[in-house]
Peer 1: 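Here it is: the structure, laid out below.
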Amino acid sequence: MTFSQKAFADFLKLNFPLLSDFPGFTTMQSYGVFNAERKLAQRSYFIVDKNGVVRYKKVLQKGEPLLSNEALLEEVKKISQR
Amino acid sequence: MHKTSIVSVLLALLLFAFSGLAGALEVGDKAPDFELASTRDGKFRLSNLAGKKNVILQFYVLDFTPT
């Protein structure tokens, strides 16, 4: 089931893991980003700090562009300071 | 149908309808823990990084698409 996901990660030479929330969809649901109609995730970002607290959340609306890595890392920097 | 059974069915329907809206995850909430199959090292459990690292979770839609 995650064969294509591993192939995708290898293809992109990612230095972070891809996770599969299929077939239960439970993680998407607990984070409130499950599109039940299409059985897919809503594109979204969460930053969780070392205490396990959500410190940043962004759910992209239709047509909204992805965040750049720089923007994401900037958000991590911000939450690390507080 | 008996009056009290109509009321209890209505109540159950209302609770069901609103359960999806209540308690959406927001900044400041505890991040729900999870354990999922990972492309690296078999499984990933979020709470394993507690005390060690900040974590960026990016929910994407489909493999082999521009996410």
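Computed from a prediction, not measured in an experiment: that's the story for all the values here. Sequence lines set the chain letters: A, B, ... in the order given, protein chains first and strands last, and positions in each chain run from 1.
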Peer 1: Who passes side-chain contact (heavy atoms from CB on, under 4.5 Å) against Glu64(A), sequence neighbours left out?
Peer 2: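 Glu64(A) satisfies side-chain contact (heavy atoms from CB on, under 4.5 Å) with Lys58(A), Leu60(A), Gln61(A) once adjacent residues are dropped.
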
Peer 1: Which residue out of Ser30(A), Ser44(A), Ala41(A) racks up the most heavy-atom pairs below 4.5 Å with chain B?
Peer 2: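 Top option by heavy-atom pairs under 4.5 Å: Ser44(A).
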
Peer 1: Quick one: of Leu67(A), Leu73(A), Asn15(A), Leu14(A), who has the most non-hydrogen atom pairs under 4.5 Å with chain B?
Peer 2: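 Looking at each of Leu67(A), Leu73(A), Asn15(A), Leu14(A) in turn, Asn15(A) comes out on top.
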
Peer 1: Taking all heavy atoms of Leu25(B) and all of Lys57(A), pick out the closest pair and write down the distance.
Peer 2: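 Residues Leu25(B) and Lys57(A), closest heavy atoms: O-NZ, 2.8 Å.
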
Peer 1: What's the separation between atom CG in Leu72(A) and atom CD in Gln58(B), rounded to the nearest 0.5 Å?
Peer 2: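 One finds 6.5 Å between CG of Leu72(A) and CD of Gln58(B).
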
Peer 1: With a 3.5 Å distance limit and no angle check, can you tell me whether Lys30(B) reaches the backbone of Asn51(A) through a side-chain donor-acceptor pair?
Peer 2: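 Checked: pair present.
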
Peer 1: To the nearest 0.5 Å, tell me how far Leu36(B) CG sits from Ser20(A) OG.
Peer 2: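 The CG atom of Leu36(B) sits 7.0 Å away from the OG atom of Ser20(A).
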
Peer 1: What is the distance from atom CD of Gln42(A) to atom CZ of Phe59(B), rounded to the nearest 0.5 Å?
Peer 2: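 With rounding to 0.5 Å, CD (Gln42(A)) is 10.5 Å from CZ (Phe59(B)).
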
Peer 1: Which atom pair, heavy atoms only, marks the closest approach of Tyr60(B) to Gln5(A)?
Peer 2: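 Shortest heavy-atom separation between Tyr60(B) and Gln5(A) comes out as OH-NE2, 3.1 Å.
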
Peer 1: Please rank Tyr45(A), Tyr56(A), Tyr31(A) by heavy-atom pairs under 4.5 Å with chain B and give me the top one.
Peer 2: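 Heavy-atom pair counts peak at Tyr31(A).
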
Peer 1: Which atoms form the tightest heavy-atom contact between Ile79(A) and Asn54(B), and what is the distance?
Peer 2: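 Shortest heavy-atom separation between Ile79(A) and Asn54(B) comes out as CD1-OD1, 3.7 Å.
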
Peer 1: Could you tell me the separation between the CZ atom of Phe46(A) and the CG atom of Asp29(B), rounded to the nearest 0.5 Å?
Peer 2: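 Between Phe46(A) CZ and Asp29(B) CG, I get 10.0 Å after rounding to 0.5 Å.
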
Peer 1: Does any heavy atom of chain A fall under 4.5 Å from the side chain of Lys52(B), the backbone, both, or neither of them?
Peer 2: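 When you check distances to chain A, only backbone atoms of Lys52(B) fall under 4.5 Å.
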
Peer 1: Given the rule that I, L, V, M, F, W and Y join up when any side-chain heavy atoms are under 4.5 Å apart, are Val53(A) and Leu57(B) in one cluster?
Peer 2: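 Each belongs to a different hydrophobic cluster.
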
Peer 1: Run the ring-ring contact (aromatic ring centres under 6.0 Å, His included) test against Phe11(A) and tell me which residues pass, sequence neighbours left out.
Peer 2: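 Counting only residues at least two positions away or on another chain, Phe11(A) forms a ring-ring contact (aromatic ring centres under 6.0 Å, His included) with Phe64(B).
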
Peer 1: If you round to the nearest 0.5 Å, how far is OG of Ser38(B) from NZ of Lys6(A)?
Peer 2: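 OG of Ser38(B) is found 9.0 Å from NZ of Lys6(A).
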
Peer 1: Chain B: which of Asp10(A), Ile47(A), Asp49(A), Thr27(A) shares the most heavy-atom pairs with it under 4.5 Å?
Peer 2: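 Ranked by contacts with chain B, first place is Thr27(A).
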
Peer 1: What is the minimum heavy-atom distance between Thr39(B) and Ala9(A), and which atoms define it?
Peer 2: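 The pair with the smallest heavy-atom distance is OG1-CB, 4.1 Å.
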
Peer 1: Side chain, backbone, both or neither: which part of Val33(A) has a heavy atom under 4.5 Å from chain B?
Peer 2: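 Side chain of Val33(A) only, per the 4.5 Å heavy-atom cut-off to chain B.
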
